[in-house]
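Quantities reported herein were computed from a predicted structural model and do not represent experimental measurements. Order of the sequence lines sets the chain letters (A, B, ...), proteins ahead of strands, with each chain counted from 1. Excluded from the calculations below are hydrogen atoms, water molecules and symmetry mates; all remaining heavy atoms, backbone and side chain alike, are included.
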Number of protein chains: 2
Amino acid sequence: MSLRYAILGLLARQPSSGYELTRKFDSSLRTAWHAQHSQIYPELAKLEAEGLAEIIKRGARGSKTYGLTESGHDALRHWLVEVAPDRSQRNESAVRLFLTQLMAPRERRLAFERDLAYVHQQTAELRLIKDQLAPDEPFAPQVELGLRTNAVLSAWLQEQADAATREGGDGPQ
Amino acid sequence: MSLRYAILGLLARQPSSGYELTRKFDSSLRTAWHAQHSQIYPELAKLEAEGLAEIIKRGARGSKTYGLTESGHDALRHWLVEVAPDRSQRNESAVRLFLTQLMAPRERRLAFERDLAYVHQQTAELRLIKDQLAPDEPFAPQVELGLRTNAVLSAWLQEQADAATREGGDGPQ
DNA sequence: TATTGACATGTAGAATCTGACATGTCACGT
DNA sequence: ACGTGACATGTCAGATTCTACATGTCAATA
């Protein structure tokens with residue numbers, strides 16, 4: 001049921017259309033939850049049918065902006081406060097890190113470097129977001145957490161890439 | 001297809017029964033991928049039918065220990081080296097962190113403290129694993145990464161809990 | 001010897017998610 | 001006037017995953 005509450009949460013922060021939600025799942029929420037538009041539109045329809053969300057504006061090109069109803073806010077608050085978190089995760093990159101030792105040193109080094117490039121790019125995006133943050137932005141701590149986590153990951157990946165090089169996956173490129 | 005490769009990877013590290021795999025998904029792999037036994041047994045049967053895994057031992061209580069075949073190793077190596085990683089994640093706890101600002105300071109503080117307790121417990125488990133690690137254990141760096149990530153998370157959660165307390169979620173308990 | 005709990009494997013139906021298909025609007029540049 | 005690309009919403013078949021049901025073994029202990 002996380003998709004439902006992720007959507008309710010985004011709508012609580014800012015009324016949005018399905019299209020806008022899709023982009024948010026792809027940007028700000030990308031490290032937390034993944035969803036395609038083909039999942040988002042039906043869920044919005046269900047949320048509306050159940051009285052948790054409502055269309056508050058119809059714009060150009062048939063766009064529909066949804067906001068939370070009273071009971072939508074209640075449902076979200078209840079989930080956040082009363083429901084025990086599900087700690088299980090699905091993270092393919094983590095599975096790969098777990099299995100890297102099964103690769104030969106050379107392939108391992110390339111895998112670490114590929115991840116390193118990804119983390120660097122993510123870090124750059126986060127820095128951009130951080131610099132553009134309004135001073136009162138309540139979202140600032142989350143950006144900071146992302147940056148700190150990326151710093152740790154980046155250092156670790158670099159160490160592992162170096163170790164793989166020493167082990168025989170040597171040479172530039 | 002990550003489940004398939006997670007299983008192939010675990011079997012490459014160590015031939016196992018479905019029951020043992022289930023426990024590994026619940027312990028060492030818990031921060032990377034989640035799967036129930038009801039998913040694992042059918043997948044093992046498929047793997048065997050496709051010639052990627054084979055039963056290498058039948059033990060007590062009808063247990064079947066699977067190992068990888070030649071083509072199982074090939075399939076895993078191909079996936080690790082050639083297939084582009086899927087970076088999308090599903091992590092309910094991260095969704096909750098993203099939405100904590102929607103809670104009142106008091107509830108927010110409690111949520112942070114609940115997470116803090118969980119991270120502390122995870123850290124204790126990792127430390128235990130680290131202390132029991134054989135000196136040549138190739139899995140040591142992954143344990144180290146877990147510890148470093150947990151340290152960052154722990155510090156951040158403590159800061160946020162303190163901030164929530166200052167904002168009005170005060171008082172012990 | 002009866003019970004309990006960990007060990008061990010499986011299936012079925014429902015819910016969730018993916019990838020592809022389908023349709024149409026609107027602004028901008030050529 | 002035409003094409004292109006971003007905007008915008010939807011559906012559907014097939015794959016993946018979850019919850020619950022179902023069955024049986026074996027060791028320890030009361």
Original post:
Is any side-chain N of the basic residue among B:R148 and A:E159 closer than 4.0 Å to the acidic one's carboxylate O?
Top reply: yes
**OP:** Please determine if B:R109 and B:E113 form a salt bridge, counting it only when a charged side-chain N lies under 4.0 Å from a carboxylate O.
**Re:** yes
Original post:
Can you find a donor-acceptor N/O pair under 3.5 angstrom joining the side chain of B:S38 to the base of D:dT19?
Top reply: yes
Original post:
The side chain of B:S17 lies closest to which of these nucleotides: D:dA6, C:dT9, C:dA20?
Top reply: C:dT9
Original post:
Picking from C:dT9, D:dC18, C:dT18, which would you name as closest to the side chain of B:H34?
Top reply: D:dC18
**OP:** Determine the contact category for B:R23: base if any of its heavy atoms lies under 4.0 Å from a base atom, sugar-phosphate if only primed atoms, P, OP1 or OP2 are that close, otherwise nothing.
**Re:** sugar-phosphate
Original post:
Of the nucleotides C:dT9, D:dC26, C:dT18, which one has an atom closest to the side chain of A:Q36?
Top reply: C:dT18
Original post:
Taking the nucleotide of DNA chain C with the closest heavy atom to each, which residue, B:G62 or B:R90, is nearer the 5' end?
Top reply: B:G62
Subject >> Of the listed nucleotides D:dT16, D:dA8, C:dT9, the one nearest the side chain of A:S63 >> reply: D:dA8
Subject >> For atom CE of A:M1 and atom C1' of C:dA15, their distance in whole Å >> reply: 10 Å
Original post:
What's the NE2-C1' distance between A:H37 and C:dC21, to the nearest Å?
Top reply: 10 Å
**OP:** Tell me which nucleotide among D:dC18, C:dT18, C:dT9 gets nearest to the side chain of B:Y19.
**Re:** C:dT9
Subject >> Interatomic distance, A:F25 CZ vs C:dT16 C1' [rounded to whole Å] >> reply: 13 Å
**OP:** Looking only at side-chain atoms of B:R61, point me to the closest of C:dT9, C:dC7, D:dT9.
**Re:** C:dC7
Subject >> Salt-bridge present (A:E92, B:R87; N to O < 4.0 Å) >> reply: no
Original post:
Taking CD1 from A:I55 and P from D:dA8, how many angstroms apart are they, rounded to a whole number?
Top reply: 15 Å
**OP:** Let me know the distance between CZ of B:R4 and P of D:dT16, rounded to the nearest Å.
**Re:** 8 Å
Subject >> N or O in side chain of A:Q39 less than 4.0 angstrom from C:dT16 OP1/OP2 >> reply: no
Subject >> Lys/Arg-Asp/Glu bridge criterion (N-O < 4.0 Å) met for B:R4, B:E50 >> reply: yes
Original post:
Taking NZ from B:K46 and P from D:dA15, how many angstroms apart are they, rounded to a whole number?
Top reply: 9 Å
**OP:** Rounded off to whole Å, could you give me the CG-to-C1' distance for the A:D86 and D:dT19 pair?
**Re:** 13 Å
Original post:
Should the pair A:R77-B:E107 be classified as a salt bridge under the 4.0 Å nitrogen-to-oxygen rule?
Top reply: no
Original post:
Roughly, in whole Å, what's the span from OH in A:Y41 to P in D:dT11?
Top reply: 11 Å
